[in-house]
Amino acid sequence: MLSGKYEYVVVGAGIEGSATAYQLAKKGAKVLLLEQFPLPHNRGSSHGASRMIRRAYEEDYFCEMMNEAYSDWQELEKETGTKIYMKTGLVMISENLNVTESVAKILNSLNMKSELLTANQVNGKYPGVFLSDNETAVIDTDAGILKADKALRCLQEMFVRNGGEIRDQEPVRRIIPESDTSVMIETSHGTYRSNSAILCLGPWAPKFLKSLGLNLPLESVKTTVCFWRMKPEFSRMGAVWPCTVNISAEEHSYSLPPDEYEDLMKICWHGGVASDPDDRDRVSPAESHIDGLIKYVRRRFPCVEPKPSIMETCMYTCTPDESFILDRHPKHKNIIIGAGFSGTTHYGGRQHQ
């Protein structure tokens, strides 16, 4: 028996799926948003209190996308009366001068605020961050933190306010293409028909998409999120600390200033160990993974204690070049896929329309 008919069914209520559903409902479409777990949950990639937002990327198309992203977050803040974005600035570091010069050039060409600084200039301006003499940095002035949990909640609330329907604890079992204008979605609770299905499956994408004949270059990885206690002399400064990104083949890392926990700075490697999202807790990070991070933090961040105080986990879904997959199924144009967001923080909802 058919449980309902919709213009769009969005599968996956993480940040990408929720943003997509919200934008569609806002345009007046009849939309169902399906989520396999009870909301909220911490099994995917969209939980936690903070994520970084920035314009500084090595790819110019990401920089251009972020103009729209900043505008969309500002609009959502106004609609909900909720503070989501906190400006902190970003120090993007590299020992390759070509990288920092290229990023600064891209930002300047798009009329975005940035600075290119030497190691000595960074060390003088940001005493909690240390650069070696062979490193330079781009300062992305408008970068900052997004309140991730609040953002997700706001998107889902506005989706419902605009007429959308959310059903959580309802895993999707099968997607059955019927025609260019009809897709059947079978779940644990019922069967739905939709003009289009939009799949934002997070770390479950590699497994599920195989059932639709797609073997995409996606890898689900479990990353360790570490929080480090600020040393008292730095904590007492009361300064707004910047986010950082370190572009390096050996030490690709990022940091966020204290936000989720009082006086605890988030500093992590970008990446992790391959993991099945349904068996993620069987996989533990190698000791060398954490040991390497401790050595890096001791050198890079004189502002924190040399061992993490709290360690949590998160899932990434990565592509080989860490660029998104935003596309239609090659045989079924009304099945749209958003996957492989590779740990980056973009507001990609409009990309699915």
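Numbers here are sequence positions counted from 1. From a predicted model like this one, the values you see are computed outputs, not experimental measurements.
Salt bridge Asp276/Lys207: present, at least one basic N to carboxylate O contact under 4.0 Å. A salt bridge is absent between Glu165 and Lys30; no separation between the charged side-chain nitrogens and carboxylate oxygens falls under 4.0 Å. Using a 4.0 Å cut-off between charged side-chain N and carboxylate O, Arg43 and Asp278 make no salt bridge. With respect to Arg55 and Asp142, a salt bridge is recorded, a charged nitrogen being found less than 4.0 Å from a carboxylate O. In this structure, Glu305 does not pair ionically with Arg298, as no charged nitrogen and carboxylate oxygen lie closer than 4.0 Å.
Looking at Pro177 and Ile335, their side chains come closer than 4.5 Å, going by heavy atoms from C-beta outward. No side-chain heavy atom of Ser94 sits less than 4.5 Å from a side-chain heavy atom of Asn246. Proximity of Thr317 to Glu219: side-chain heavy atoms (C-beta onward) are nowhere separated by under 4.5 Å. Between Lys26 and Glu75, some side-chain heavy-atom pair lies under the 4.5 Å cut-off. Taking the side chain as every heavy atom from C-beta outward, Val122 and Glu135 never approach each other to under 4.5 Å. The shortest side-chain heavy-atom distance between Phe208 and Val172 falls under the 4.5 Å cut-off. By the 4.5 Å heavy-atom criterion applied to side chains, Ile336 and Leu199 are not counted as neighbours. Looking at Thr20 and Leu24, their side chains come closer than 4.5 Å, going by heavy atoms from C-beta outward.
With hydrogens and angles disregarded, a donor-acceptor distance shorter than 3.5 Å links the side chain of Ser342 to the backbone of Gly340. For Trp269 (side chain) and Glu251 (main-chain N/O), no donor-acceptor pair under 3.5 Å exists by modelled atom type. Side-chain atoms of Lys125 never come within 3.5 Å of backbone atoms of Pro127 as a donor-acceptor pair (strictly under, hydrogens ignored). In this structure, the side chain of Ser255 does not engage the main chain of Cys243 through any donor-acceptor pair within 3.5 Å. A donor-acceptor pair under 3.5 Å is formed between the side chain of Lys231 and the backbone N or O of Pro302.
No continuous path of hydrophobic side-chain contacts links Leu256 to Phe130 [ILVMFWY only; heavy atoms under 4.5 Å]. Residues Tyr126 and Met237 are members of one and the same hydrophobic cluster, defined by side-chain heavy-atom contacts under 4.5 angstrom among Ile, Leu, Val, Met, Phe, Trp and Tyr. Neither Met265 nor Val225 shares a network with the other; the hydrophobic side chains, linked directly or stepwise wherever heavy atoms of I, L, V, M, F, W or Y lie under 4.5 Å apart, form separate groups for each. Two different hydrophobic clusters hold Met184 and Tyr6 under the rule that ILVMFWY side chains link at heavy-atom gaps under 4.5 Å. Note: the hydrophobic cluster containing Ile176 does not contain Ile337 (ILVMFWY, side chain heavy atoms under 4.5 Å, direct or indirect links).
Side-chain polar atoms of Ser309 and Tyr261 form no donor-acceptor pair below 3.5 angstrom. A donor-acceptor contact closer than 3.5 angstrom links the side chains of Thr313 and Arg280. Gln156 and Ser18 share a side-chain donor-acceptor pair at under 3.5 Å. At a cut-off of 3.5 Å, with distance as the only test, a side-chain donor of His41 or Glu35 sits close to an acceptor on the other residue. Between the side chains of Thr118 and Asn120, no donor N or O sits under 3.5 Å from an acceptor N or O.
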Test Asp140 against Lys113 for salt bridge (charged side-chain N to carboxylate O under 4.0 Å, His left out), laying out the working first. CA-CA 6 Å; Asp140 179 351; Lys113 298 176 183 177; over 6 Å; no
How far apart are the C-alpha atoms of Ser323 and Tyr61, what are their side-chain angles, what is the distance that settles it, and do they pass the side chain to side chain donor-acceptor pair (under 3.5 Å) test? CA-CA 11 Å; Ser323 289; Tyr61 52 88; 3.2 Å; yes
Before you tell me yes or no, could you show the steps for Glu7 and Lys27 under salt bridge (charged side-chain N to carboxylate O under 4.0 Å, His left out), namely the whole-Å CA-CA distance, both residues' side-chain angles and the distance that decides it to 0.1 Å? CA-CA 12 Å; Glu7 290 178 74; Lys27 292 181 178 295; over 6 Å; no
Start with the C-alpha distance between Asp168 and Gln36, add both sets of side-chain angles, then the distance that settles side-chain contact (heavy atoms from CB on, under 4.5 Å), and finish with yes or no. CA-CA 6 Å; Asp168 62 353; Gln36 63 177 321; over 6 Å; no
List the steps and the verdict of side chain to side chain donor-acceptor pair (under 3.5 Å) for Thr181 and Asn334. CA-CA 7 Å; Thr181 58; Asn334 55 342; over 6 Å; no
Report the C-alpha separation of Ser50 and Glu260 in whole Å, then their side-chain angles, then the decisive distance to 0.1 Å, and conclude whether the side chain to side chain donor-acceptor pair (under 3.5 Å) test is met. CA-CA 7 Å; Ser50 63; Glu260 297 194 35; 2.8 Å; yes
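Environment of CD in Glu233: crowded, with over 12 heavy atoms of neighbouring residues, nucleotides or ligands closer than 6.0 Å. Within a 6.0 Å sphere centred on NZ of Lys210, heavy atoms belonging to other residues, nucleotides or ligands number 12 at most. Heavy-atom contacts from other residues, nucleotides or ligands closer than 6.0 Å to NZ of Lys295 number 12 or fewer. Within a 6.0 Å radius of NZ in Lys87, more than 12 heavy atoms belonging to other residues, nucleotides or ligands are found.
Between atom NZ of residue Lys83 and atom SG of residue Cys154 there is a gap of 12.5 Å, rounded to the nearest 0.5 Å. With rounding to the nearest 0.5 Å, the separation of NZ in Lys331 from CG in Leu212 is 11.0 Å. Distance check: Thr82 OG1 to Met158 CE gives 10.0 Å after rounding to the nearest 0.5 Å. Annotation: the span from Asp327 atom CG to Leu216 atom CG amounts to 9.0 Å, rounded to 0.5 Å. With rounding to the nearest 0.5 Å, the separation of CD1 in Ile185 from CG in Leu34 is 7.5 Å. Here OG of Ser182 is found 7.5 Å from CG of Asn195. Values are rounded to the nearest 0.5 Å.
When all heavy atoms of Thr187 and Arg173 are compared, the pair lying nearest together is C-CG, 3.8 Å. The heavy-atom pair separating Met315 from Ser220 by the smallest distance is CE-CB, 4.2 Å. Heavy-atom minimum distance, Lys222 versus Ser275: CB-OG, 3.2 Å. Residues Leu110 and Asp60 come closest through the heavy atom pair CD1-O, 4.4 Å. What you find for Leu214 and Pro330 is that their closest heavy atoms are CD2-CD, 3.7 Å. Arg54 approaches Met52 most closely through the heavy-atom pair CD-SD, 3.7 Å.
A distance of 6.0 Å or more separates the ring centres of Tyr316 and Phe341. Here the two rings, on Tyr296 and Trp228, have centers that are 6.0 Å apart or farther. Outside the 6.0 Å centre-distance limit, the rings of Phe301 and Phe234 are not counted as a close aromatic pair. In summary, the aromatic rings of Phe159 and Tyr22 are positioned with their centroids too far apart to meet the 6.0 Å limit.
Tested against Ile93 for a side chain to side chain contact (heavy atoms under 4.5 Å, CB included), the candidates Val245, Thr136, Thr100, Val129 yield a single pass: Val129.
With Phe227 as the aromatic partner, Arg229 does not meet the cation-pi criteria of under 6.0 angstrom to the ring centre and within 45 degrees of the ring axis.
Ring-plane geometry between Tyr85 and Tyr70 is classed as perpendicular, the angle between the planes exceeding 60 degrees on a 0 to 90 degree scale with a lower cut at 30.
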